[in-house]
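Beneath this line is the structure, given in structure tokens, with notes to follow.
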Amino acid sequence: MGAWPRFLLPLFPQASLWGSVRRSAWPMSGGASPRRPRSSGADSDALKDRRAQIMARGLPKQKPIEGVKQVIVVASGKGGVGKSTTAVKSHWFAGCRCIWPFNSKDDESSRKSRIIRDMSMGFLVEEKAPVVWRGLMVMSAIEKMIRQVDWGQLDYLVIDMPPGTGDVQLSVSQNVPVSGAVIVSTPQDIALMDAHKGAEMFRKVHVPVLGLIQNMSVFQCPKCKHETHIFGADGAKKLAKTLGLDVLGDIPLHLNIRETSDSGQPIVFSQPQSNEAKAYLRIAAEVVKRLPPPPA
């Protein structure tokens with residue numbers, strides 16, 4: 001049993017030892033109602049405070065990244081919804097540097113010239129090698145990518161989070177003061193379910209959710225210009241309303257976005273006057289408006 005009784009006692013006032021509960025806590029024979037202890041509002045608040053203190057024990061202390069004013073995480077919950085593509089287009093921000101998963105095929109000299117701008121797990125392994133690392137190795141790699149890269153002086157650092165709500169998300173949220181999270185989803189129901197989980201996860205670790213981005217919102221035929229909502233219409237808007245959040249913007253499903261991403265030339269640079277690039281720029285403006293003031 002070890003330390004379990006000492007851990008459990010403040011949380012369960014009726015328990016004297018693990019597995020030893022007062023008789024009054026159980027239903028009485030003969031159909032009699034169990035007696036429940038009475039507690040005042042002050043006792044309830046004290047119990048909540050005590051529980052929060054216990055849960056906070058052992059959590060790492062957040063430490064700012066040297067030279068970085070604000071950190072923004074881009075997440076999705078589900079893979080394949082365009083989160084990484086959206087994070088790469090975070091060259092939305094003037095002077096922004098992001099942890100960039102694309103263009104990892106650059107030659108060595110190009111990588112060296114780019115290391116102070118971009119960092120990716122793809123730079124640390126061979127091109128076709130899977131990352132089959134256990135949790136501690138992944139946590140160590142994240143720490144190195146965040147704190148042992150010369151980011152210079154940045155207004156914003158954008159981190160492209162992996163899908164899910166696991167160790168990586170928790171480690172970043174607990175170790176780095178994150179200014180806000182952006183959730184990316186398609187309008188499809190299955191993607192929205194995971195986006196909902198992702199938003200709730202950030203709320204539980206006290207990271208502000210700045211809003212939702214609805215990706216692949218509509219496809220326009222290049223010949224007849226007819227618009228088709230392939231993945232459904234307004235799904236992210238409905239989820240945002242449920243969560244009490246804003247939709248930061250819509251991004252269309254367009255061939256130019258895919259081609260420029262695959263070539264390593266973000267559309268906001270290669271085709272800045274296109275409607276697709278303007279969609280990303282409008283979203284950037286919405287994100288910046290919702291960020292808290294940077295620390296002095």
Side-chain angles (χ1 to χ4, degrees), residues 70 72-93 96 98 156 158-165 169 173 178-222 224-258 260-261 266-268 274-292:
Q70 292 186 297
I72 303 167
V73 296
V74 180
S76 63
K78 183 181 183 301
V81 297
K83 168 189 53 62
S84 295
T85 302
T86 303
V88 170
K89 302 306 185 297
S90 58
H91 283 76
W92 320 322
F93 301 102
C96 167
C98 70
Y156 311 105
V158 179
I159 301 180
D160 171 26
M161 302 288 262
T165 55
Q169 288 80 3
S173 301
V178 179
S179 298
V182 175
I183 307 295
V184 180
S185 180
T186 63
Q188 190 178 11
D189 287 347
I190 190 67
L192 293 167
M193 290 172 60
D194 286 346
H196 193 158
K197 295 175 184 177
E200 293 292 357
M201 185 275 295
F202 283 115
R203 284 177 167 174
K204 284 185 179 295
V205 294
H206 309 294
V207 172
V209 181
L210 304 178
L212 275 67
I213 296 175
Q214 183 165 258
N215 195 26
M216 308 182 198
S217 59
V218 64
F219 172 76
Q220 185 182 70
C221 176
C224 70
K225 306 303 179 183
H226 175 73
E227 293 186 347
T228 303
H229 297 275
I230 295 176
F231 296 106
D234 296 332
K237 294 179 181 178
K238 295 175 183 176
L239 175 60
K241 185 177 180 180
T242 300
L243 294 171
L245 298 172
D246 295 327
V247 175
L248 302 173
D250 288 29
I251 301 171
L253 180 62
H254 201 284
L255 181 63
N256 287 347
I257 297 176
R258 196 274 300 168
T260 55
S261 296
I267 198 167
V268 292
S274 66
N275 291 332
E276 297 76 47
K278 291 177 180 178
Y280 286 109
L281 295 174
R282 285 193 296 269
I283 289 171
E286 294 297 323
V287 170
V288 171
K289 282 197 307 186
R290 289 164 174 78
L291 284 172

Grab the two heavy atoms, one from [X] and one from [Y], that are nearest each other, plus how far apart they are.
X      : Y      : value
Met161 : Ala75  : CB-CB, 4.2 Å
Leu253 : Phe219 : O-CD1, 3.4 Å
Met216 : Pro187 : O-CD, 3.9 Å
Ile183 : Gly198 : CD1-C, 4.3 Å
Leu212 : Ala240 : CD2-N, 4.2 Å
His254 : Asn256 : ND1-N, 3.0 Å

Can any side-chain N or O of [X] pair as donor or acceptor with the backbone N or O of [Y] at less than 3.5 Å?
X      : Y      : answer
His229 : Ser217 : yes
Gln214 : Gly235 : yes
Asn215 : Val81  : yes
Arg290 : Glu286 : yes

Only counting residues at least two apart or in another chain, list the ones meeting salt bridge (charged side-chain N to carboxylate O under 4.0 Å, His left out) with Lys237. Asp234
Does a side-chain heavy-atom distance below 4.5 Å link [X] with [Y]?
X      : Y      : result
Leu239 : His196 : yes
Thr260 : Glu276 : no
Tyr156 : Leu291 : yes

How long is the span from the [atom1] atom in [X] to the [atom2] atom in [Y], to the nearest 0.5 Å?
X      : Y      : atom1 : atom2 : answer
Ile72  : Gln70  : CD1   : CD    : 6.5 Å
Ser76  : Asp160 : OG    : CG    : 8.5 Å
Leu210 : Lys289 : CG    : NZ    : 12.5 Å
Leu192 : Phe231 : CG    : CZ    : 12.0 Å

Test log, rule side-chain contact (heavy atoms from CB on, under 4.5 Å), inputs Val73 and Phe202: CA-CA 10 Å; Val73 296; Phe202 283 115; 3.9 Å; yes
Yes or no on side-chain contact (heavy atoms from CB on, under 4.5 Å) for Val218 and Asp250, after CA distance, side-chain angles and deciding distance? CA-CA 9 Å; Val218 64; Asp250 288 29; over 6 Å; no
Does a side-chain N-to-carboxylate-O contact under 4.0 Å join Glu200 and Lys197? no
Pair Leu243-Arg203, side-chain contact (heavy atoms from CB on, under 4.5 Å): steps then yes or no: CA-CA 11 Å; Leu243 294 171; Arg203 284 177 167 174; 4.0 Å; yes
Got a sec, which pairs hit side-chain hydrogen bond (donor to acceptor under 3.5 Å, both in side chains) with one end in residues 178-194, sequence neighbours left out? none
Of Val184, Thr86, Ile251, which meets side chain to side chain contact (heavy atoms under 4.5 Å, CB included) against Ile283?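 For Ile283, the side chain to side chain contact (heavy atoms under 4.5 Å, CB included) test succeeds with only one of Val184, Thr86, Ile251, which is Ile251.
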